[in-house]
Amino acid sequence: MKILLLILIALPALSFSAEFASMASKPNVLELKKYRTVTGGLELRYIHDSPRIVMRIGAGTNEANDFLEKVMKSDLIKLNCDGDFYPAYDRFGSPYMHINSLKSCVDEDGSVIAHSIGLTALSNADVAKSKKFIEDNMKPVAALVAPNVNDSHNPKEVVNPKAGVFSSKLDSKNLAK
C-alpha cells in the first residue's frame, strides 16, 4: 500500500520533469512567451520550441518581478532576454526558470524593449553586445544536410578537391608537341 501511495505522489512530478529533463544545460537566452493554461488563465512562461520545453517563471528580485508584471500587462507576445537566470526546482519538485537579473530583452521585431533589470544601468555598448548575443543565439540551427545525391542515370563527375590547379601548358595536347 505504501508503494502505491509513493507512485501516486511521484506521477505528477514525473510529468513536469519530462520536459525539464530534455534541457541539457542552462539555456543561453531566456525565451519568454505568453501561455494560455488549461484553465484559461494567461501566464508568462519560458517556452523553447525544439525540443519542446515549457517552464514556469520565478523572479529572484523585486525588479525582475516588476518587469514580468509589466510584460503581462503589455501587448507583447514573445520576447528573448539575456541575463542571470537558470533552471531550478521549487519546493514541490516542479521545475521553473529562476530569474535574478536581465541585461536586455528584445521583442519579435528585434527592438530592445528593456535593459538593466536588477543591474546598474548598462552602457549603450553593453546593451548592443547583449542584443547581438541574443540575435546570434536565436538563429535557427542548420540541420545536417546530406551530400548532393546523383539521381540521374548519368555518371557523376568526381572532383578531387586536393588534386591541385594546373596551368594549361601542362595539358596533354601541349605535351605531345
Side-chain angles (χ1 to χ4, degrees), residues 10-148 161:
L11 281 178
L14 291 175
S15 65
F16 283 119
S17 63
E19 288 180 336
F20 185 68
S22 64
M23 183 183 302
S25 62
K26 174 190 173 285
N28 291 331
V29 175
L30 180 68
E31 301 175 60
L32 298 173
K33 294 181 187 174
K34 289 187 179 171
Y35 180 80
R36 181 83 51 194
T37 63
V38 177
T39 59
L42 191 62
E43 295 180 0
L44 193 63
R45 299 243 179 131
Y46 170 84
I47 299 178
H48 184 75
D49 290 327
S50 179
R52 180 78 171 166
I53 300 170
V54 178
M55 294 174 64
R56 293 184 185 269
I57 302 292
T61 61
N62 290 335
E63 296 84 5
N65 205 8
D66 291 343
F67 170 72
L68 296 174
E69 287 179 20
K70 287 180 184 179
V71 170
M72 280 302 297
K73 292 177 183 175
S74 72
D75 56 351
L76 293 169
I77 303 290
K78 174 183 171 186
L79 57 134
N80 301 310
C81 300
D82 176 24
D84 181 19
F85 55 90
Y86 55 89
Y89 288 99
D90 65 10
R91 63 186 175 146
F92 302 109
S94 300
Y96 75 101
M97 191 63 72
H98 184 84
I99 303 171
N100 285 327
S101 61
L102 299 171
K103 289 182 183 177
S104 65
C105 291
V106 178
D107 66 358
E108 293 174 324
D109 299 328
S111 303
V112 176
I113 60 160
H115 65 84
S116 309
I117 299 164
L119 302 168
T120 56
L122 297 173
S123 67
N124 290 339
D126 290 335
V127 172
K129 285 179 192 176
S130 180
K131 180 181 177 190
K132 180 158 178 27
F133 177 78
I134 292 169
E135 290 170 352
D136 290 345
N137 281 290
M138 294 310 296
K139 289 179 183 173
V141 177
L144 295 176
V145 180
N148 292 338

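Keep in mind the model is a prediction, meaning the values are calculated, not measured.
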With sequence neighbours excluded, residues passing side-chain contact (heavy atoms from CB on, under 4.5 Å) with [X]:
X    : answer
D49  : K33, I47, R52
A128 : none
T37  : Y35, T39, E43, R45
D75  : none

Return a table of donor-acceptor pairs under 3.5 angstrom between the side chains of residues 108-125 and protein atoms on other chains or two or more places apart.
from: S116; atom 1: OG; to: L122; atom 2: N; distance (Å): 2.8
from: S123; atom 1: OG; to: D126; atom 2: N; distance (Å): 3.3
from: S123; atom 1: OG; to: D126; atom 2: OD2; distance (Å): 3.2

Note to self: Tell me which pairs pass disulfide bond (SG atoms under 2.5 Å apart) where either residue lies in residues 34-67, with sequence neighbours left out.
What the structure shows: none
Item checked: Any pair counted as disulfide bond (SG atoms under 2.5 Å apart), so long as it reaches residues 46-85, sequence neighbours left out -> C81-C105
Does the side chain of [Y] come within less than 4.5 Å of [X]'s, by heavy atoms?
X   : Y   : answer
L68 : I57 : yes
I99 : N65 : no
K26 : F85 : yes

Next item on the list: Output all residues satisfying side chain to side chain donor-acceptor pair (under 3.5 Å) with D107, sequence neighbours left out; order by chain, then residue number.
Entry: none
Next item on the list: Could I get the full list of side chain to side chain donor-acceptor pair (under 3.5 Å) partners for E31, not counting sequence neighbours?
Entry: H48
Check [X] against [Y] and note the closest heavy-atom contact, atom names and distance.
X    : Y   : answer
L79  : F67 : CD1-CZ, 3.8 Å
P27  : Y46 : CB-OH, 3.4 Å
F133 : V29 : CE2-CG2, 4.4 Å

Item checked: Listed partners of Y86 passing ring-ring contact (aromatic ring centres under 6.0 Å, His included), at least two apart -> H98
Checklist line | I77, L76, L44 screened by side chain to side chain contact (heavy atoms under 4.5 Å, CB included) with L32, the one that passes | finding: L44
Check: Which pairs, with at least one residue in residues 129-138 and sequence neighbours excluded, count as a side chain to side chain donor-acceptor pair (under 3.5 Å)?
Finding: N28-N137, D82-S130, S104-S130, K132-D136
Note to self: Quick test of your reading: applying salt bridge (Lys or Arg N to Asp or Glu O under 4.0 Å), list the pairs with at least one residue in residues 62-71, sequence neighbours left out, ordered by first then second residue.
What the structure shows: none
